[in-house]
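Report on the following structure.
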Amino acid sequence: MPKQKTHRGAAKRLRVTKSGLIKRAKAYKSHILNKKTTKRKRNLRKAAFVAASEAKVIKKLIPYK
């Protein structure tokens, strides 16, 4: 059976933790930052985790991570 291909876009954006959760960056941090408060921008720096409902599909995209 051939090897499964990794989805390169997903591989660059997502990481799997030791406990099996999928870590992701938060959105809305790339541009138009003037109108966003400092508190909001600071909270966007923190990592987030993918919802359990989406995790099953994403694990298929990054099988070797």
Side-chain angles (χ1 to χ4, degrees):
M1 187 141 175
K3 281 197 225 177
Q4 207 176 348
K5 283 200 173 179
T6 299
H7 188 289
R8 297 312 296 158
K12 290 167 188 174
R13 289 171 173 83
L14 305 161
R15 298 273 176 270
V16 181
T17 62
K18 293 272 184 179
S19 61
L21 293 172
I22 299 167
K23 206 167 153 184
R24 65 168 177 86
K26 289 184 183 174
Y28 310 110
K29 184 67 172 70
S30 57
H31 63 110
I32 314 171
L33 299 171
N34 296 340
K35 61 178 85 168
K36 293 174 185 134
T37 63
T38 310
K39 182 181 178 180
R40 185 173 163 195
K41 288 185 278 191
R42 185 169 58 245
N43 285 327
L44 289 171
R45 278 184 223 146
K46 298 170 185 173
F49 296 103
V50 170
S53 56
E54 296 171 339
K56 194 176 178 184
V57 177
I58 290 169
K59 280 184 180 173
K60 286 180 185 174
L61 297 177
I62 47 173
Y64 306 110
K65 277 200 141 198

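- Residues K29 and K41 come closest through the heavy atom pair CE-O, 3.5 Å.
- Sorted by first and then second residue, the pairs that involve residues 5-24 and meet side-chain hydrogen bond (donor to acceptor under 3.5 Å, both in side chains), not counting sequence neighbours, are T17-S19.
- In the hydrophobic clustering (ILVMFWY side chains linked at under 4.5 Å, chained through shared members), L21 is joined by F49.
- Closest non-hydrogen pair, K36 versus H31, comes out as NZ-O, 3.2 Å.
- Applying the side-chain hydrogen bond (donor to acceptor under 3.5 Å, both in side chains) rule to pairs touching residues 47-65 yields nothing, sequence neighbours excluded.
- Within the model, atoms CZ of R40 and NZ of K35 stand 9.0 Å from one another, a figure rounded to the nearest 0.5 Å.
- Taken from CG in L61 to CD in Q4, the straight-line distance is 9.0 Å, to the nearest 0.5 Å.
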